[in-house]
Amino acid sequence: MKNSPLFFSALFVALLQGGFSQPLTSPYLNNPDLAIGYVDSCATFWINAHDTLFGGFFTDIGRTGNVLNLNNKYMLSQTRNAYGYARAYMLTGNETYLQFAREGLSFLYGHAWDPNNGGWFNRMNRQGTPVGATSNKSAFDQHYALLGIAAYYEATRDTLEWNWLMAGYDHMENHLWDSRPQYFGYYDYGSYNWATLSGKSFNATVDAITTHLLYLYLMTEDPLYKERLLQIADNILTHLVASMSGQAIGFVEEYDSDWNWNNSETMTIMGHVLKAAWCLGRIYQLEPDTTYTRGARQLIEDVLANGYDHEFGGPYKDYNRVTGQMLMWGIPDTAKAWWQMEQALTAGLMMYDLTAEAQYLQMADETLDFFMKYFVDHTYGEVYSDRTRYGGAIPQWGNNKGNSGKAAYHSIELGYYVYLYGKLFVKNEPATLHYQFTPLNEPRDILLTPLAIADDQLRIAGVLREGQPYNDFDPAARALHLPAGVDGHFEVTYQRTVTGVAAAGDPFPPREFELSQNYPNPFNPSTAIGYRLNQSADVELAVFNALGQKIAVLVQEKQAAGNYKVQWNGRNEAGEPAASGVYLYRLRTGSAVETRKMVMLR
């Protein structure tokens with residue numbers, strides 16, 4: 001059912017008054033503790049995928065948890081389920097989930113590592129025999145193999161996981177990292193024996209951050225990992241973000257080894273654009289360089305203007321970056337993907353924390369509300385892969401829950417960050433996580449930083465060991481001291497020390513322009529849009545409908561610095577009256593862009 005004109009009137013009055021002031025829509029942001037139950041439900045579902053005979057997890061899983069193929073186990077299913085179970089343990093304290101995480105990792109270690117050439121195989125049969133052992137190896141797979149290992153190590157600090165984490169990381173650094181100064185970055189593919197290397201890509205670049213590299217730095221504070229994070233952030237800005245000005249939407253996702261665009265691949269994915277923004281925001285938390293936040297803003301603004309559903313909430317899936325056309329994949333209606341919804345949530349909450357701008361919280365809130373209502377299977381648990389823009393099923397694609405690209409990872413990660421970001425960024429409440437540390441023969445200090453955040457903005461508020469207060473920790477350094485032989489179940493409560501980076505300093509210096517809210521708003525039949533240029537620039541001011549389609553260009557010329565006001569008569573380029581509804585207007589000057597909403601009421 002569509003929203004009434006009264007709703008739109010109230011919404012835009014709130015925007016005119018300086019922000020989205022309505023209460024949060026999603027119960028999960030109003031009460032982030034609800035995310036724990038959601039994660040528990042997802043973790044329970046994936047128990048169905050466990051192979052009790054040969055270990056590990058099956059890949060192809062139906063809606064009810066039924067196994068669809070007994071002879072198919074992808075490496076990604078093992079590491080992604082291990083990640084999900086490690087995070088589920090950290091939220092619930094249910095040690096059974098650590099046991100299932102161990103099941104996935106044991107199969108991974110025993111069967112997915114190439115003992116002759118190093119690196120990880122992509123696929124095994126039920127018994128663990130590699131399938132396609134002489135196929136190329138991708139950076140995508142090599143990164144993701146470390147995902148579950150890093151999460152399990154964070155929850156347990158088990159030395160077995162550390163050894164495997166270092167084996168996988170060192171192998172990538174030695175075989176996939178291109179150290180040429182002008183072309184540095186991870187190669188996209190290597191031959192099975194690493195004799196040849198080729199390509200660069202979004203996945204080879206950004207997925208290093210999300211799978212292991214950020215966690216390595218947070219757990220160790222080793223400057224080696226931070227240096228690599230900053231190099232990858234440079235890759236994102238220099239290649240991905242820099243390519244946006246030549247695209248109708250999104251950025252170039254695939255390159256040759258020298259970072260030249262691969263123009264034979266023109267797809268851009270909204271989830272990738274948002275994930276890049278999320279990563280830049282997290283790196284800004286560690287290294288407050290405004291270049292990162294400007295890049296993150298540009299990425300999110302592009303999605304909001306061109307690839308986002310402003311009526312029902314959430315990003316659309318895939319586009320042709322050259323033409324700007326949505327890729328429909330043979331279905332009659334527009335679609336959204338579960339993992340891309342997560343990126344809108346996490347990028348939105350991260351940028352809200354950095355800027356205190358309501359548009360980012362609104363994006364996260366309405367995306368999460370849509371996700372929980374329509375992606376979650378409230379009968380059998382877990383989440384569907386895809387929904388229409390209205391939340392309906394897509395019969396052509398079915399309702400299966402597990403495949404080579406889907407396991408417990410994104411659904412549980414979404415809940416994990418709803419809890420952490422919701423507690424610490426939105427509600428400014430304490431957040432508690434569970435850890436299970438094994439004993440060592442020597443004393444140790446364990447660094448505990450569960451999310452990217454400025455170092456002085458998070459402290460440990462309290463620790464329980466086996467349910468009893470434990471006082472041997474440094475609150476500000478977030479360091480837990482364990483004497484030799486001490487182990488057990490620890491509950492660590494974290495508290496935010498200040499409310500957001502935006503409270504401590506503006507991460508965005510003065511911009512090239514200022515775009516005002518249109519007036520009147522809502523309007524009929526016309527409205528005025530004002531803006532100010534702080535310097536001479538090539539200007540485009542355009543109007544888009546709720547599907548992200550450009551319907552009118554109001555300004556497209558070089559203009560001098562100064563104040564401007566433009567009328568929109570409520571008509572499209574063909575001179576036809578626009579229908580009632582939500583519209584966006586976007587001002588672009590070179591690499592800077594800003595988008596605002598307005599409502600036409602006929």
Side-chain angles (χ1 to χ4, degrees), residues 56 59 73-80 82 104-105 107-125 128-150 153 160-216 222 224-225 227-229 231-232 234-236 239-240 253-262 264-265 404-405:
T59 292
K73 292 179 179 176
Y74 274 80
M75 178 274 293
L76 291 173
S77 303
Q78 315 312 313
T79 183
R80 286 174 162 175
L105 294 178
F107 195 87
L108 187 79
Y109 303 154
H111 303 288
W113 181 259
D114 183 344
N116 298 315
N117 302 292
W120 304 92
F121 294 121
N122 170 262
R123 182 183 172 197
M124 292 77 65
N125 66 14
T129 302
V131 177
T134 58
S135 300
N136 285 345
K137 292 170 178 164
S138 69
F140 177 82
D141 283 344
Q142 305 309 303
H143 290 325
Y144 267 98
L146 304 186
L147 174 77
I149 305 174
Y153 178 74
L160 175 65
E161 270 56 57
W162 179 255
N163 292 337
W164 276 106
L165 193 54
M166 288 298 95
Y169 178 78
D170 290 343
H171 190 273
M172 271 194 302
E173 294 299 297
N174 292 330
H175 291 86
L176 276 175
W177 182 257
D178 183 351
S179 59
R180 294 177 296 165
Q182 66 272 42
Y183 304 120
F184 67 86
Y186 287 108
Y187 285 106
D188 201 15
Y189 285 96
S191 58
Y192 78 97
N193 60 1
W194 307 105
T196 60
L197 302 167
S198 63
K200 304 280 170 61
S201 72
F202 165 88
N203 290 117
T205 304
V206 178
D207 285 333
I209 299 173
T210 59
T211 57
H212 63 281
L213 194 54
L214 177 65
Y215 303 123
L216 278 172
D222 188 330
L224 172 73
Y225 303 126
E227 178 184 359
R228 186 65 87 225
L229 282 169
Q231 289 175 309
I232 293 176
D234 185 84
N235 284 161
I236 295 172
H239 303 295
L240 306 186
E253 301 220 3
E254 294 191 8
Y255 304 79
D256 69 13
S257 297
D258 296 340
W259 286 109
N260 297 306
W261 297 0
N262 177 0
S264 66
E265 175 54 75
S404 61

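Being a predicted model, the structure only gives us computed values, none of them experimental.
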What distance do [X] atom [atom1] and [Y] atom [atom2] have between them, rounded to the nearest 0.5 Å?
X: Thr211; Y: Leu146; atom1: OG1; atom2: CG; value: 6.0 Å
X: Trp162; Y: Tyr153; atom1: CH2; atom2: OH; value: 5.5 Å
X: His239; Y: Asn260; atom1: NE2; atom2: CG; value: 10.0 Å
X: Glu254; Y: Ser264; atom1: CD; atom2: OG; value: 7.0 Å
X: Asp207; Y: His212; atom1: CG; atom2: NE2; value: 10.0 Å
X: Asn116; Y: Asn193; atom1: CG; atom2: CG; value: 10.5 Å

Review point. Would you say the side-chain atoms of Tyr109 and Gln78 include a donor-acceptor pair closer than 3.5 Å?
Key: no
Check your understanding: When you check the side-chain N and O atoms of Tyr187 and Asp178, is any donor under 3.5 Å from an acceptor?
Key -> yes
Flag, side chain of [X] to backbone of [Y], donor-acceptor distance under 3.5 Å:
X: Gln142; Y: Trp120; value: yes
X: Lys200; Y: Ser257; value: yes
X: Thr59; Y: Ser77; value: no
X: Thr79; Y: Ala145; value: yes

Review point. side-chain contact (heavy atoms from CB on, under 4.5 Å) between Phe140 and Asn122: does it pass, once the steps are laid out?
Key: CA-CA 10 Å; Phe140 177 82; Asn122 170 262; over 6 Å; no
Using side-chain heavy atoms (C-beta onward) and a distance below 4.5 Å, is [X] in contact with [Y]?
X: Tyr144; Y: Arg80; answer: yes
X: Asp234; Y: Phe184; answer: yes
X: Leu216; Y: Asp222; answer: no
X: Glu265; Y: Ser201; answer: no

Taking all atoms of both residues into account, what is the closest heavy-atom pair of [X] and [Y], and its distance?
X: Trp194; Y: Gly118; answer: NE1-O, 3.1 Å
X: Asp258; Y: Asp256; answer: N-OD1, 2.8 Å
X: Gly185; Y: Asn235; answer: CA-OD1, 3.5 Å
X: Tyr186; Y: Met172; answer: CE2-O, 4.5 Å
X: Asn117; Y: His171; answer: O-NE2, 3.3 Å
X: His143; Y: Asn203; answer: CD2-O, 3.7 Å

Review point. Does Lys137 make a cation-pi contact with Tyr189 (under 6.0 Å, within 45 degrees of the axis)?
Key: no
**Study point:** Derivation and outcome, side-chain contact (heavy atoms from CB on, under 4.5 Å), residues Tyr169 and Leu213
**Key:** CA-CA 9 Å; Tyr169 178 78; Leu213 194 54; 3.9 Å; yes
Practice item. Walk me through it: do Ile236 and Ile209 pass the test side-chain contact (heavy atoms from CB on, under 4.5 Å)? Key: CA-CA 11 Å; Ile236 295 172; Ile209 299 173; 4.1 Å; yes
